[in-house]
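The basis for the numbers below is simple: all heavy atoms, side chains too, and nothing from hydrogens, waters or symmetry mates. Computed from a prediction, not measured in an experiment: that's the story for all the values here.
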Amino acid sequence: MKRILLPAGGAILATGLLAAGLASTAQADTDVAKDDLAKTAAQAAEVIDFWTKSDNAALKKAVAFNPDALEVEKISSGGGYSADTKPGSTAPIGEEKKSTAKVQNVNLPKTIGKVFFEYRDGSLYWCSGTSIQSQYRNLVATAGHCVYDIAGNDEVVSRWVFVPGYYQGKAPWGIYVGKQAFTHYDFDVYEDFDRDYAFVTVYDGIGGVANQSTKVTPSEYKAHIAKGGKGYIKETPITAEEFAAGYDKYGEAGPYKSAPADPKVETVAKPADVNLGNIDEYYKGEGPTKGVKVVGIEVTEAVWNAAKVGFDNGDRVPSQKVAISKEEYDSLVAQKGDGKYLGTLSTNEAKTAWFKQEFYVKKWIKTTAQVKYWVEDYYVVEHNVKSVGRLGDNVGGQGFAWNQPTGKYVRTFGYPFGPHLDGNKPFTGVTPKWCYGKTAKNVLRIPSKKVEEQMSFKCTVTAGYDGAPWLYKYSNSKRLGYVNGVTSLIADTDSNKRYDTITSPYFDGETAAIYKAAAASWSGKLIP
């Protein structure tokens, strides 16, 4: 997308340069160009994983498809299109045999959403789009430049998905992976923005989150891993005072040891500069008690039995059985079940006395060693995704109209986000915005984009509105109308550095032929 500054006639936000020389262009005797986005279920599954892992992190990272350069250009209006066939239309989903009701309030259509995609350089972007009527209820309408990689100039974008109703990382009706893109041959090959539209078939939607991380208790984590599940432990540094609070402060997932230890031992205190060799190394010229100390590291009875008797690291600390209360016994039984207590517990035959025995090995460290404390949080990773069905069944689909006269009222809906030419940024891109009015009878002429027949419409939106549907005969009560255009260019026509006009290709009989080819194409499911 390029921003074009006009010295006299205004400025225009050109929302794409079309790729040429694509892998599978149409034959010269047809207007329909068709390109694969995710040809196989395996490719589509990778796309879903990319966008949904880590709680939809990639969706949240994507930005509005903004212009990247300023160029000088002249723009003129006049002339117009010529209808190549009779006017026609296809009714919206659910309205095939119904009439349109007239109401005054404005309701946002359920069909609109964001188109997400990746460029060759790894940049993540979004445009606007809408679900549209089709035989298999699997079709999205958007701008052609929201399907092709402008920078690459020779390929479709990667990892294309449509998310209806997208809101701050949420996909209320699922995520739909693009399978095939249908465009006009002139747009595909000749970069003709008079044909800057695309109809994309999508697989059945996927709901849920791939590779979702959930915080659990240590016992739940161990059980999950034991069954072959995935997970990880997160260590968060804490202070000595927080460490002293121990189990009472952090609960089951918190620290429960009381001595500094080697990182290989399951504790929460890590001493820096620990010597694992013989204690004799510390005796040189300092005396046996200067500069060193010994601490006990709790281990299991089996480890203790295998240890040596002596004064080196890892040697035994004497152990004895100690009488305890019934309450302490019950508490330690619970902790032992979660791996928080390594000692042994026993009772007498009559079960009227209770005992514990703990086992420690020696660890020599320098008294100047820096002791580190941390708390461990446990997470399991699960692939919680499922099929949510066809796009049109979930959100409906707008109708389609072609060869309609200009000067008619339309409503446009999209997600503007980019700044105006003066730097002002009035839109957040979070919620959709709409414009209402008549399409202009005169069209804008933009030579560098080969624009001679685009319609124009007064609307003060910015980048991100690219691909937004223009809905003819929109019913506010039913939230349905007829897609009669999609936003292609965003222009400043009075040179005040504020965008005031949007344009769309004129939908004629050739557009209808491309739409009908896409509307009759099956895509399928990713999850049975």
Side-chain angles (χ1 to χ4, degrees), residues 48-61 169 208-276 295-304 306-307 313-314 317 331-345 356 358-365 369-385:
I48 285 290
D49 182 72
F50 174 82
W51 290 108
T52 60
K53 63 186 176 183
S54 301
D55 193 23
N56 295 340
L59 291 178
K60 298 173 184 177
K61 182 180 178 181
V209 180
N211 297 332
Q212 181 178 21
S213 297
T214 304
K215 187 177 179 180
V216 297
T217 64
S219 55
E220 291 171 332
Y221 173 82
K222 291 177 181 178
H224 179 76
I225 298 301
K227 295 178 182 179
K230 296 181 179 180
Y232 61 92
I233 301 174
K234 179 182 178 181
E235 296 180 355
T236 303
I238 59 175
T239 65
E241 291 74 19
E242 289 174 321
F243 171 75
Y247 184 80
D248 292 336
K249 179 176 178 64
Y250 293 102
E252 186 180 24
Y256 53 87
K257 304 293 182 182
S258 60
D262 186 276
K264 295 180 181 178
V265 181
E266 190 179 10
T267 73
V268 296
K270 294 181 177 178
D273 196 22
V274 173
N275 184 285
L276 301 179
V295 295
I297 304 304
E298 188 176 7
V299 295
T300 63
E301 183 177 11
V303 172
W304 186 83
N313 285 313
V317 173
S331 175
L332 292 176
V333 168
Q335 293 183 41
K336 191 171 182 65
D338 290 328
K340 294 179 177 179
Y341 183 69
L342 301 182
T344 60
L345 300 168
K356 70 176 181 180
E358 297 171 345
F359 305 92
Y360 292 85
V361 296
K362 298 180 178 70
K363 174 68 67 176
W364 289 92
I365 65 172
Q370 179 185 3
V371 179
K372 297 181 180 179
Y373 304 90
W374 75 95
V375 61
E376 292 179 345
D377 292 316
Y378 297 79
Y379 293 86
V380 297
V381 177
E382 297 177 296
H383 196 76
N384 297 322
V385 297

**Message:** Counting C-beta onward and ignoring hydrogens, is there a side-chain heavy-atom pair between Phe359 and Thr344 closer than 4.5 Å?
**Reply:** yes
**Prompt:** Okay, side chain of Trp51, backbone of Ala57: is any donor-acceptor separation there less than 3.5 Å?
**Reply:** no
**Message:** Between Lys356 and Leu332, is there a side-chain heavy-atom distance shorter than 4.5 Å?
**Reply:** yes
**Item:** Test log, rule side-chain contact (heavy atoms from CB on, under 4.5 Å), inputs Tyr232 and Val381
**Value:** CA-CA 8 Å; Tyr232 61 92; Val381 177; 3.9 Å; yes
**Heavy-atom neighbours of Lys60 NZ exceed 12 at 6.0 Å** = yes
**Message:** I need the Ile233 CD1 to Ile225 CD1 distance, nearest 0.5 Å.
**Reply:** 8.0 Å
**Asked** When rounded to the nearest 0.5 angstrom, what distance separates OH in Tyr341 from NZ in Lys336?
**Response** 7.5 Å
**Fill in**
Between the OH atom in Tyr379 and the NZ atom in Lys215, the distance rounded to the nearest 0.5 Å is 5.0 Å
**From CH2 (Trp304) to CG (Leu342), nearest 0.5 Å** = 14.5 Å
**Asked** Can you tell me how far the OG1 atom of Thr214 sits from the CD atom of Glu220, to the nearest 0.5 Å?
**Response** 10.0 Å
**Message:** If you compare all heavy atoms of Gly314 against all heavy atoms of Ala307, which two are closest, and at what distance to 0.1 Å?
**Reply:** O-CB, 3.3 Å
**Asked** Going from CD on Glu358 to CG on Leu345, what distance comes out if it is rounded to the nearest 0.5 angstrom?
**Response** 9.0 Å
**Asked** Any sub-3.5 Å donor-acceptor pair from His224's side-chain atoms to Gly231's backbone N or O?
**Response** no
